[in-house]
Amino acid sequence: MPDNASREIAEPLLDWYDANARALPWRAPPGTPAPDPYRVWLSEVMLQQTQVATVIPYFEKFTTRWPDFASLAAVEDGELMSAWAGLGYYARARNLLAAARAVAVEHGGQLPGTEAELRKLPGFGAYTAAAVAAIAFGERAVVVDGNVERVIARLFAVADPLPGAKPRIRELADSVTPDERAGDFAQAMMDLGATICTPRSPKCLLCPLAKRCDARADGRPDAYPVKARKKARPTRYGTMFWVERNGAVLLVRRPARGLLGGMRALPTGPWADSPPGVEGAPFAAGWALHNATVSHGFTHFELVSALASVTIDGQAGAIEGEWWPIAELDSAGLPTVFARAAETMRRMR
DNA sequence: GATCCGTGGCC
DNA sequence: TGGCCAAGGAT
């Protein structure tokens, strides 16, 4: 790292961090020994595309139930998915469990300590491998997340739009990453991005790097980073099926991959460009198609789902799935869209 | 490189 | 209201 980059960026940023670091459950205080790699890893996975305030209660729940790699590796798939319910991006939970088991089997129960080895584990991309290597193991790794991209783009007034500018931003991040305290430096950059160098209305008057910031000098810090416009989300339509029998409702397990993969769910028909009615129902019956719908925004489409219901008396026959007591649906581990649909049905019936 | 993959909060 | 955003990864 060039001397001027250290003097103008790393040193004042680390000084700021020493005085202003957020106290977070997975974080050791600045200057103290590195925190538990298990807790660092778990927090980093939960924090992918998810804000700190959302993560904290999940992190507390997970670390209470499963305090280390061995206990997590022993969990059954369904139990882990239920615990993750509501946090979103469920592939993270599937990869988390796969990585825990790989660590138990192939690494003697300890997370490998280098960025290159971490990168091979499920769920460890460029960001997470660098973050865990730097924060938990003290490796000099270049950690680039959305916060770092924004801070760097402003410090150097990077005019090229994302995502094309990612390689350039990583080069610049590399050039300002110190050889010592790379983990604290990464967390300082992310704290700065989350609290000072925010996407809208950055608080430049409080910023320890304002003197050195090219975007600040231009007078338009919020113009960076430049981003390509996103496509509009299409609306898709579907139907969820509520099958009631003896005070219980039929739940199914969704396929292991894809949307809400591996999660417990209400039976659904296909998503379509227009309301499909009771097409794709789990079995032929006298379905009542209700007027109420449930709308839910996913990452790349907006779902508007109708609700259809039927009550079965006597034997369930060959119906596949679990009969879950309606009074205990809160403990079923349903993703938010199904939890809301279930709540709507519970009130309507 | 483009697409898929959740959810909640903000203005 | 609706688009944008958040400690990204897999394919």
Side-chain angles (χ1 to χ4, degrees), chain A residues 21-22 24-27 39-59 81 84-96 98-99 118-136 141-151 161-167 170 173 183 185-195 197-202 222 225 227-236 254-263 265 271 295-303 334-340:
Chain A
R22 291 179 289 176
L24 300 173
W26 46 84
R27 179 178 278 182
R39 294 167 66 87
V40 173
W41 164 62
L42 180 61
S43 69
E44 290 300 340
V45 173
M46 288 184 166
L47 286 162
Q48 290 166 9
Q49 297 289 287
T50 309
Q51 298 196 9
V52 164
T54 304
V55 164
I56 286 176
Y58 282 87
F59 181 83
M81 300 311 288
W84 197 276
L87 196 53
Y89 282 144
Y90 298 99
R92 295 184 293 173
R94 303 194 297 268
N95 288 329
L96 187 82
L118 290 165
R119 187 67 178 77
K120 299 175 185 173
L121 290 167
F124 280 83
Y127 163 76
T128 304
V132 173
I135 296 169
V142 181
V143 180
V144 183
D145 76 325
N147 288 301
V148 175
E149 282 183 350
R150 184 171 57 257
V151 171
L162 289 168
K166 281 176 181 286
R170 193 194 184 283
F185 178 78
Q187 295 180 91
M189 290 284 276
M190 294 189 279
D191 272 20
L192 189 76
T195 64
C197 195
T198 48
R200 286 171 301 212
S201 305
D222 57 347
K227 293 191 176 184
R229 235 183 223 89
K230 292 181 178 171
K231 291 194 311 183
R233 289 186 308 184
T235 298
R236 308 190 72 182
R254 291 179 62 81
R257 301 174 182 280
L259 186 74
L260 308 175
M263 299 301 289
W271 308 144
S295 295
H296 189 78
F298 291 101
T299 307
H300 56 294
F301 70 96
E302 175 83 11
L303 176 67
L334 293 175
T336 298
V337 64
F338 294 114
R340 288 177 47 202

With a cut-off of 3.5 Å and sequence neighbours excluded, list every side-chain donor-acceptor pair involving residues 185-193 of chain A.
{"unit_1": "A:Gln187", "atom_1": "OE1", "unit_2": "A:Arg27", "atom_2": "NE", "d": "3.0"}
{"unit_1": "A:Gln187", "atom_1": "NE2", "unit_2": "A:Gly183", "atom_2": "O", "d": "3.4"}
{"unit_1": "A:Asp191", "atom_1": "OD1", "unit_2": "A:Arg22", "atom_2": "NE", "d": "3.1"}
{"unit_1": "A:Asp191", "atom_1": "OD1", "unit_2": "A:Arg22", "atom_2": "NH2", "d": "2.9"}
{"unit_1": "A:Asp191", "atom_1": "OD1", "unit_2": "A:Arg27", "atom_2": "NH1", "d": "3.4"}
{"unit_1": "A:Asp191", "atom_1": "OD1", "unit_2": "A:Arg27", "atom_2": "NH2", "d": "3.0"}
{"unit_1": "A:Asp191", "atom_1": "OD2", "unit_2": "A:Arg22", "atom_2": "N", "d": "3.1"}
{"unit_1": "A:Asp191", "atom_1": "OD2", "unit_2": "A:Arg27", "atom_2": "NH1", "d": "2.9"}

Which class fits the ring pair A:Trp41 and A:Phe124: parallel under 30°, tilted 30 to 60°, perpendicular over 60°? parallel
Phosphate OP1/OP2 of C:dA7: any A:Arg150 side-chain N/O under 4.0 Å: yes
To the nearest Å, how far apart are A:Asp222 CG and C:dC5 C1'? 14 Å
d(CZ, A:Arg233; C1', C:dT1) in whole Å: 13 Å
What integer number of Å spans the P atoms of C:dA7 and B:dC10? 14 Å
Of the nucleotides B:dC10, C:dA7, B:dT7, which one has an atom closest to the side chain of A:Arg200? B:dC10
Ranking C:dG9, C:dC5, B:dG6 by distance to the side chain of A:Tyr90, first place goes to B:dG6
Can you tell which of C:dC5, C:dT11, B:dT7 lies closest to the side chain of A:Gln51? C:dC5
Determine the Euclidean distance between corresponding P atoms of B:dT3 and C:dC4; express it in Å to zero decimal places. 16 Å
Minimum heavy-atom distance A:Ala173-A:Val148, with the two atoms named: CB-CG1, 4.3 Å
Taking only side-chain nitrogens and oxygens of A:Lys231, does any of them come within less than 4.0 Å of OP1 or OP2 of B:dA2? no
Any A:Thr336 side-chain N or O less than 4.0 Å from OP1/OP2 of B:dG8: yes
